[in-house]
> 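Okay, handing you the structure first.
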Amino acid sequence: MLDIVATKTHDEARQGESYKPFTSDPNEYKRKFYIESYGCQMNFADSEVVASILNKEGFGATRNVEEASLIFINTCSIREKAEQTVRKRLTEFKKLKAQNPGTLVGVLGCMAERLKSKFLEEEKLVDIVVGPDAYRSLPQLVEDAADGQKSINVLLSREETYADIAPVRLNTNGVSAFVSIMRGCNNMCSFCVVPFTRGRERSRDVESIINECTNLFEEGYREVTLLGQNVDSYNYNPHSDNTDHAVSFAQLLEKVALISPLLRVRFSTSHPKDITSDVLHTMAAYENICKCIHLPVQSGSSRVLQMMNRTYTREWYMHKVDEIKAIIPECSITSDIIAGFCTETEEDHLETLSVMDYSQYDLSYMFFYSERPGTLAQRRYADDVPLDIKKRRLQEIIEKQNALSLTSYKKDVGSTYKVLIDGDSKRSADDWVGRNSQNKVVIFSKNNTQYKKGEYVNVMITQKSHSIWKNRLDRALVSCFVI
Ligand code: SAM
Ligand code: SF4
């Protein structure tokens with residue numbers, strides 16, 4: 001599969017993941033819900049909010065879809081392929097519903113927002129349609145659907161952040177958790193459907209974020225990832241008339257870092273134009289703010305970038321890379337890249353490959369352009385790069401990235417890193433798996449070590465893994481020395 005590779009924001013290994021029952025939940029539930037999530041990390045975090053709302057209504061989670069009286073699918077619209085996968089699942093659920101007539105099927109998230117009542121009226125695939133800002137109305141919508149009424153709420157909001165809803169952690173390892181800090185996006189990148197499906201940008205109340213992160217730390221979590229479509233434009237202003245009280249992303253990062261030096265802080269995802277020097281200096285000042293920046297370039301050609309409405313040029317972007325490396329020399333930089341955007345020439349493509357060389361990305365999330373209905377690009381430009389050329393260019397981008405990653409991982413051999421232990425390695429229960437500040441996976445033997453999951457350990461890297469790198473999960477630094 002060429003168009004999707006495992007990503008931090010769009011983790012291929014998690015696509016279609018269903019919700020594991022909350023292990024320490026003392027309640028017994030007579031009614032069960034099943035939820036499957038697709039797309040970016042925001043969707044997975046939203047499913048945790050939905051779970052919290054449904055728990056309060058007396059529905060407990062199940063991973064067995066056949067015993068569920070409510071089936072939800074939390075959807076993604078970013079590429080056509082993502083929507084096709086969801087449609088296939090909905091057709092399967094429709095068959096299941098025919099066998100268990102009382103079952104209700106609901107579609108949540110970006111596809112619900114994009115297709116609205118089409119799901120109920122034309123396609124008759126589902127009973128409930130709920131957009132990303134309307135999850136609070138789920139209890140009423142479930143009741144309406146059970147009474148045979150049309151059940152839809154796709155209103156977008158300028159305020160909703162679900163700040164007061166404590167998410168029920170989805171399939172957690174008890175070490176790392178995602179914390180939503182803002183929703184929506186005000187950028188109008190011409191290829192992107194997000195501003196239409198997730199609405200205007202709004203920042204969550206700073207106090208509720210700090211409380212959630214503090215609680216997580218007290219429960220034993222050791223890493224939080226601050227989440228949003230565009231976290232760097234976080235700006236919370238309780239008194240909108242007085243800018244003196246506004247909290248910027250750099251200030252929020254510092255507040256979270258100060259909760260404890262033992263709590264690692266990451267963030268995802270960002271638009272390069274919003275990574276300010278303040279953010280970089282804050283990252284450099286706190287050891288527990290992880291040295292890893294996702295800086296999606298999308299294209300290396302200034303002409304294409306302008307058509308994408310990215311608001312920066314190739315030179316500006318390269319200067320930002322220089323600035324990051326000057327302020328945080330050990331910082332890892334990762335990227336998102338789109339191959340074959342409208343009018344892209346061979347020269348534009350070569351500029352993308354050369355910006356990759358310049359930036360020395362440790363990892364990239366690489367896609368070929370998929371035209372999305374309603375976006376600026378769909379309205380303004382012809383999707384005129386033939387599919388075989390898009391795929392060939394994407395393949396060249398993937399090969400370039402593999403070479404860059406290989407160089408980067410080889411360079412790590414011989415270095416010592418502070419690793420946060422995530423748990424048992426999937427390859428062997430005799431090994432631990434964890435990550436360093438740069439978010440690289442490190443595997444090391446449990447032999448003669450007294451460590452536990454959630455602890456930090458200094459590990460000297462002796463080799464990089466030998467497996468063929470298909471995705472992020474295959475990439476690892478392997479070590480036998482714990483220092
Ligand atoms: N906010 C982030 C930024 O500004 O770069 C990106 C978030 S977007 C949800 C995730 C990635 O999906 C984008 O960076 C882009 O590479 C990819 N993407 C978005 N729309 C796409 C499209 N129409 N075709 C192919 N890839 C797309
Ligand atoms: Fe989409 Fe651009 Fe917003 Fe990222 S910044 S979510 S690519 S519109």
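As the structure is a prediction and not an experimental result, all values here were calculated from the model.
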> Please tell me if the side chains of L262 and N288 come closer than 4.5 Å, counting only heavy atoms from C-beta onward.
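A side-chain contact is absent here, since even the closest heavy-atom pair is not under 4.5 Å.
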> Considering only residues two or more places apart or on different chains, which pairs with a residue in residues 170-196 satisfy salt bridge (Lys or Arg N to Asp or Glu O under 4.0 Å)?
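Only D46-R183, D133-R183 qualify under salt bridge (Lys or Arg N to Asp or Glu O under 4.0 Å).
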> Name all residues meeting the salt bridge (charged side-chain N to carboxylate O under 4.0 Å, His left out) criterion together with D278; count only those two or more places apart in sequence or in a different chain, and write none if there are none.
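By the salt bridge (charged side-chain N to carboxylate O under 4.0 Å, His left out) rule, D278 matches no residue at all.
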> Assess R79 against F367: is NZ or CZ under 6.0 Å from the centre of the six-membered ring, and within 45 degrees of the ring's axis?
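Cation-pi check for R79 and F367: passes.
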> How many angstroms lie between CG in L252 and CD1 in I210, if you round to the nearest 0.5 Å?
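Between L252 CG and I210 CD1, I get 5.5 Å after rounding to 0.5 Å.
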> State, with a plain yes or no, whether a side-chain heavy atom of M182 is found less than 4.5 Å away from one of T161.
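Contact flag for M182/T161 side chains = no.
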> Could you walk me through whether R89 and E36 pass the salt bridge (charged side-chain N to carboxylate O under 4.0 Å, His left out) check?
CA-CA 10 Å; R89 282 304 276 157; E36 229 174 71; 2.5 Å; yes
> Output yes when E315 and K320 qualify as a salt bridge under the 4.0 Å nitrogen-oxygen rule, no when they do not.
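Answer for the salt bridge query: no.
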> Between R114 and T75, do the side chains contain a donor N or O and an acceptor N or O under 3.5 Å apart?
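Distance-only check fails for T75 and R114.
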> Excluding sequence neighbours, so at least two apart, what forms ring pair (Phe, Tyr, Trp, His ring centres under 6.0 Å) with Y234?
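Y234 satisfies ring pair (Phe, Tyr, Trp, His ring centres under 6.0 Å) with no residue once adjacent residues are dropped.
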> Quick one: which residue pairs count as a salt bridge (Lys or Arg N to Asp or Glu O under 4.0 Å) with a foot in residues 293-307, not counting sequence neighbours?
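Non-adjacent pairs meeting salt bridge (Lys or Arg N to Asp or Glu O under 4.0 Å): R303-D348.
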> If you take all heavy atoms of V194 and C185, which pair is closest and at what distance?
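Smallest heavy-atom distance, with atoms named: CG1-CB, 4.1 Å.
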> Establish, for the pair K440 and Y417, whether the NZ or CZ atom is under 6.0 angstrom from the six-membered ring centre and no further than 45 degrees off its axis.
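Relative to the ring axis of Y417, which defines the angle, K440 lies outside at least one limit.
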> Side chains of S52 and E48 only: does a donor on one sit below 3.5 Å from an acceptor on the other?
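No - no donor-acceptor pair under 3.5 Å links their side chains.
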> Does a donor on one side chain sit under 3.5 Å from an acceptor on the other, for Y358 and D322?
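Yes - a donor-acceptor pair under 3.5 Å links their side chains.
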> With rounding to the nearest 0.5 Å, note down the distance linking CD1 in I71 to CD in E92.
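Rounded to the nearest 0.5 Å, the CD1-CD separation comes to 11.0 Å.
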> Using the ring pair (Phe, Tyr, Trp, His ring centres under 6.0 Å) criterion, which residues pair with Y312? Sequence neighbours excluded.
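Only H271, W316, Y317 meet the ring pair (Phe, Tyr, Trp, His ring centres under 6.0 Å) criterion with Y312.
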> Is it true that H294 and S270 share a donor-acceptor pair across their side chains at a distance under 3.5 Å?
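No, because no side-chain N or O of S270 sits under 3.5 Å from a partner of the opposite role on H294.
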> Report yes or no: do Q251 and S248 form a side-chain donor-acceptor pair below 3.5 Å?
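There is such a pair between these side chains.
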> Applying side chain to side chain contact (heavy atoms under 4.5 Å, CB included), can you list everything that pairs with N235, at least two apart in sequence or on another chain?
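For N235 the side chain to side chain contact (heavy atoms under 4.5 Å, CB included) partners, ignoring immediate neighbours, are N237, A246.
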> Answer yes or no: is there a donor N or O on one side and an acceptor on the other, between the side chain of E323 and the main chain of H319, under 3.5 Å?
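Side chain of E323 to backbone of H319: no pair is present.
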> Going by atom types only, do N439 and K291 share a side-chain donor-acceptor pair under 3.5 Å?
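Short answer, no.
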> Can you tell me how far apart OG1 (T225) and CZ (F178) are? Round to the nearest 0.5 Å.
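The OG1 atom of T225 sits 4.5 Å away from the CZ atom of F178.
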> Which pair of heavy atoms, one from S370 and one from E80, lies closest together, and at what distance?
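Taking every non-hydrogen atom into account, OG-N, 3.0 Å.
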> Check ring pair (Phe, Tyr, Trp, His ring centres under 6.0 Å) between F341 and all other residues, then give those that pass, not counting sequence neighbours.
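For F341 the ring pair (Phe, Tyr, Trp, His ring centres under 6.0 Å) partners, ignoring immediate neighbours, are Y369.
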> For R169 and E219: C-alpha separation, side-chain torsions, deciding distance, then whether salt bridge (charged side-chain N to carboxylate O under 4.0 Å, His left out) applies.
CA-CA 12 Å; R169 299 291 158 192; E219 285 166 28; 6.0 Å; no
> Would you call R372 and E83 a salt bridge, using N to O less than 4.0 angstrom?
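A salt bridge is present here (some side-chain N lies under 4.0 Å from a carboxylate O).
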> Start with the C-alpha gap between R435 and D422, add the side-chain angles, then the distance that decides, and say whether salt bridge (charged side-chain N to carboxylate O under 4.0 Å, His left out) holds.
CA-CA 7 Å; R435 276 162 302 123; D422 283 328; 2.9 Å; yes
> Can you name the nearest heavy-atom pair linking D431 to S445, along with the distance?
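Scanning both residues completely, I find the closest heavy atoms to be OD1-CA, 3.3 Å.
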> Mind checking what makes ring pair (Phe, Tyr, Trp, His ring centres under 6.0 Å) contact with Y135, not counting sequence neighbours?
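Partners of Y135 by the ring pair (Phe, Tyr, Trp, His ring centres under 6.0 Å) criterion, ordered by chain and then number, come out as Y162.
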> For E330, enumerate each residue passing the salt bridge (charged side-chain N to carboxylate O under 4.0 Å, His left out) test, keeping only those at least two apart in sequence or located in another chain.
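Expected list: none.
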> Quick one: pull up CG in L295 and SG in C331 and give me the separation to the nearest 0.5 Å.
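Answer rounded to 0.5 Å: 9.0 Å.
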> Taking the six-membered ring for Trp, is the centroid-to-centroid distance between F249 and F267 below 6.0 Å?
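Judged by ring-centre distance (under 6.0 Å), F249 and F267 do meet the cut-off.
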> If we ignore hydrogens and angles and just use 3.5 Å, is the side chain of N309 paired with the main-chain N or O of M188 as donor and acceptor?
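At least one qualifying donor-acceptor pair exists.
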> Are the side chain of S268 and the backbone of L227 linked by a donor-acceptor contact shorter than 3.5 Å?
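Looks like no, no N/O pair under 3.5 Å.
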> Could you give all pairs that pass the salt bridge (Lys or Arg N to Asp or Glu O under 4.0 Å) test and reach residues 396-408, with sequence neighbours left out?
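Listed by first then second residue: D357-K400, R392-E396.
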> Testing the 3.5 Å rule here: is there a donor-acceptor pair between the side chains of Y221 and T172?
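Note: Y221 and T172 side chains meet the donor-acceptor criterion.
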> Looking only at heavy atoms, what is the nearest atom pair of F191 and T375, with distance?
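The pair with the smallest heavy-atom distance is O-CG2, 3.8 Å.
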> Can you name the salt bridge (charged side-chain N to carboxylate O under 4.0 Å, His left out) partners of E254, sequence neighbours left out?
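E254 satisfies salt bridge (charged side-chain N to carboxylate O under 4.0 Å, His left out) with no other residue.
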> Check whether the side chains of N43 and S37 place a donor and an acceptor atom closer than 3.5 Å, and report yes or no.
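Note: N43 and S37 side chains miss the donor-acceptor criterion.
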> Which distance, rounded to the nearest 0.5 Å, do you find between the OG of S405 and the NZ of K410?
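So the gap between those two atoms works out to 12.0 Å.
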> Is a donor from one side chain sitting under 3.5 angstrom from an acceptor on the other, for S408 and Q360?
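No, no side-chain donor-acceptor contact under 3.5 Å.
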> Is there a side-chain contact between V413 and T462 (heavy atoms, below 4.5 Å)?
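No, every pair of side-chain atoms sits at 4.5 Å or beyond.
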> Between E455 and R222, is there a side-chain N and carboxylate O pair less than 4.0 Å apart?
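Answer for the salt bridge query: no.
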> Between P373 and V193, which heavy-atom pair has the shortest distance, and what is it?
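Closest approach of P373 to V193, heavy atoms only: O-CG2, 4.4 Å.
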> List the steps and the verdict of side chain to side chain contact (heavy atoms under 4.5 Å, CB included) for F444 and I421.
CA-CA 10 Å; F444 61 97; I421 303 177; 3.9 Å; yes
> Please report the shortest heavy-atom distance between A45 and S180, naming the atom on each side.
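In terms of heavy atoms, the two residues are closest at CB-OG, 4.4 Å.
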> Is any NZ, NE, NH1 or NH2 atom of the basic residue among D424 and K446 found under 4.0 Å from an Asp or Glu carboxylate oxygen of the other?
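Between K446 and D424 there is a salt bridge, with a charged N closer than 4.0 Å to a carboxylate O.
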> Between the side chains of S47 and N74, is a donor N or O closer than 3.5 angstrom to an acceptor N or O?
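A pair is found: one side chain offers a donor N or O, the other an acceptor, under 3.5 Å apart.
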> So, taking the atom named OG in S260 and the one named CZ in F217, what distance separates them when rounded to the nearest 0.5 Å?
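The CZ atom of F217 is 3.5 Å from OG of S260, to the nearest 0.5 Å.
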> Has the side chain of T62 got a donor or acceptor atom that lies under 3.5 Å from a matching backbone atom of N64?
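Yes; at least one donor-acceptor contact below 3.5 Å.
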> Could you walk me through whether R393 and E346 pass the salt bridge (charged side-chain N to carboxylate O under 4.0 Å, His left out) check?
CA-CA 9 Å; R393 289 183 188 161; E346 224 40 47; 2.8 Å; yes
> Determine whether the side chains of D362 and S332 contain a donor N or O and an acceptor N or O closer than 3.5 Å.
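Result is yes, a qualifying pair exists.
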> With sequence neighbours left out, write down each residue that passes salt bridge (charged side-chain N to carboxylate O under 4.0 Å, His left out) with E371, or none if nothing qualifies.
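Scan of E371 (salt bridge (charged side-chain N to carboxylate O under 4.0 Å, His left out), adjacent residues dropped) gives none.
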